[in-house]
Amino acid sequence: MADETQATEAVQSAARSARAAAPSLAGASDGAIDAALGAMAGALQDAAPAVLAANADDMRAAEDNGLPAGVRDRLRLDEGRLKAMAAQLEILAGVAPEPASRKVRDLPGGLVLFERRRPVGVIGANFEARPNVVVDIASQLVKSRNAGVLRTGSAALRSAIALADEVIAPSLAAAGLDPAAVQLVRVPGQAAAYALVREPKLVPLVILRGSGDSTRALAAEGAAHGVRTLAHADGGGVLYLHSSSERAVASTLIASSLDRLGVCNRLNLLLIDEQLWDAWLPGITEQLAGLGIKASLPPHDHPLGHEWALDSEREATVTIAPAAGPAVAAAIANEETSGLAAGIAATDQAAAQEFLAAYTGTGAFWNATTRLLDGFKLFEVPETGINLDAVPGPRGPVTFRDLTLRQFVVMPC
């Protein structure tokens with residue numbers, strides 16, 4: 001593992017290289033940007049042997065080090081996942097760019113006000129050991145014309161290096177862009193993550209993709225050093241089964257919300273209406289057991305919002321609790337959980353609207369799974385992560401459209 005000095009030097013070197021290359025992206029044509037993304041899609045297939053070999057080394061090391069099954073699932077690449085990554089890149093390349101400028105209004109004195117979208121410059125990103133996120137974030141940065149400095153968990157470093165060297169850099173060069181625009185921090189260890197959020201002049205904005213205490217600590221460190229962050233430290237989806245819900249719909253929502261356990265938008269807290277509790281609880285616990293999931297029932301020895309995706313010892317768990325109606329269920333979701341996502345299963349429209357109006361979190365769902373709170377599933381573009389900040393700005397899945405700064409320009413008509 002790198003010490004603090006090595007980590008700082010590595011981050012500063014990467015940031016300076018990215019900063020020098022940033023004008024290549026800022027001034028690029030739409031065609032060049034989309035050509036680079038298309039080239040990445042092709043390179044994922046051409047470089048598959050090298051990428052999969054590096055990932056196999058990461059997987060062996062992860063198993064030898066006893067990493068939990070959920071972590072190993074996020075770490076794993078295969079041909080199917082590479083094809084899915086390539087398909088997302090091709091879709092992103094075909095998305096129309098956002099207008100660079102729009103007229104706001106005419107001003108007195110023969111002047112006119114325009115609003116322009118400008119790149120941030122260099123954006124950092126820190127994320128857990130998920131190799132696919134290397135390409136997700138790099139593609140979003142390129143589409144938004146920002147250079148970047150990426151840092152991933154040590155468990156995925158071999159895979160990340162292969163993707164950076166075999167896919168991202170050659171594709172930028174092939175499109176006539178500076179391949180140094182997207183940098184990867186190549187020293188292992190958490191010190192590099194902290195170094196990334198301490199460079200406001202080089203990296204003014206850092207995306208923190210991940211959950212838990214480490215993300216909270218990095219966000220606090222960034223704030224202390226004047227670095228802005230887009231992050232969410234906690235997740236966990238909530239599903240409330242209203243008394244009007246249909247059992248088949250509820251069963252489907254439960255199953256579809258637990259297809260992956262190590263993700264933030266999975267079902268974490270299941271609220272059952274008090275009118276259904278006695279009749280439905282046995283069948284629901286039986287369904288969960290059939291999915292290999294343990295039900296945590298009252299009285300609970302943990303907070304209602306305890307995020308099981310972050311609990312490697314008890315990841316396959318869902319908390320179940322009663323709720324006395326839509327307003328109460330929404331209040332529980334607001335007060336006891338992170339505010340990531342919550343849904344209601346109901347046929348009663350008034351009850352559903354009551355819940356949706358009362359829930360203040362990032363994503364609200366009616367007869368739909370909270371797993372849909374994902375940039376690609378909602379917008380058909382990859383996300384850099386999810387932002388839960390209760391301040392104006394991008395909230396929810398953050399995509400390339402959110403990675404620009406507003407500039408107001410006044411000029412003569």
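Given the structure is predicted, the values throughout are model-derived calculations rather than measurements. Position 1 is the first residue of the sequence; numbering continues from there.
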- request: Drop me the distance from Asn55's CG to Arg81's CZ, to the nearest 0.5 angstrom.
  value: 9.0 Å
Leu92 CG to Met40 CE distance, which is reported to the nearest 0.5 Å: 9.5 Å
message: How close do Ala32 and Leu177 get, counting heavy atoms only, and between which atoms?
response: O-CD1, 4.1 Å
task: Provide the closest heavy-atom pair for Leu141 versus Ala147 in the form atom of the first, atom of the second, distance.
output: CD1-O, 4.2 Å
query: Under the criterion side-chain contact (heavy atoms from CB on, under 4.5 Å), which of Thr337, Leu304, Val238 is the partner of Ile332?
result: Leu304
field: Chi angles and distances behind the side-chain hydrogen bond (donor to acceptor under 3.5 Å, both in side chains) call for Ser251, Gln287
entry: CA-CA 8 Å; Ser251 179; Gln287 179 187 5; 3.1 Å; yes
- prompt: Salt bridge check: are Asp178 and Arg19 linked by an N-O gap of less than 4.0 Å?
  reply: no
task: Answer yes when Asp78 and Lys83 have at least one side-chain N-carboxylate O distance shorter than 4.0 Å, and no when they do not.
output: no
Hey, are the side chains of [X] and [Y] touching, using non-hydrogen atoms and a 4.5 Å cut-off?
| X | Y | value |
| --- | --- | --- |
| Glu383 | Asp136 | no |
| Asp58 | Arg72 | no |
| Leu373 | Leu378 | yes |
| Asp234 | Arg216 | yes |
| Val142 | Phe400 | no |
| Glu4 | Tyr194 | no |
| Ser312 | Val71 | no |
| Arg130 | Arg209 | yes |

task: Evaluate side chain to side chain contact (heavy atoms under 4.5 Å, CB included) for Phe376 paired with Ile91, printing each intermediate quantity in order.
output: CA-CA 10 Å; Phe376 192 78; Ile91 291 172; 3.5 Å; yes
message: Run Val263 and Arg371 through side chain to side chain contact (heavy atoms under 4.5 Å, CB included) and show every step you take.
response: CA-CA 9 Å; Val263 293; Arg371 289 281 283 121; 3.8 Å; yes
Regarding [X] and [Y], is there a side-chain donor-to-acceptor distance under 3.5 Å anywhere?
| X | Y | value |
| --- | --- | --- |
| Tyr359 | Asn334 | no |
| Asp311 | His306 | yes |
| Asn146 | Ser144 | yes |

- request: Show your reasoning for whether side chain to side chain contact (heavy atoms under 4.5 Å, CB included) applies to Val122 and Leu202.
  value: CA-CA 7 Å; Val122 178; Leu202 292 173; over 6 Å; no
Heavy-atom count around [X] [atom1] within 6.0 Å, excluding the residue itself: above 12?
| X | atom1 | value |
| --- | --- | --- |
| Gln407 | CD | yes |
| Lys377 | NZ | yes |
| Glu63 | CD | no |
| Glu380 | CD | no |
| Arg186 | CZ | yes |

query: His302 and Trp308: aromatic ring centres closer than 6.0 Å?
result: yes
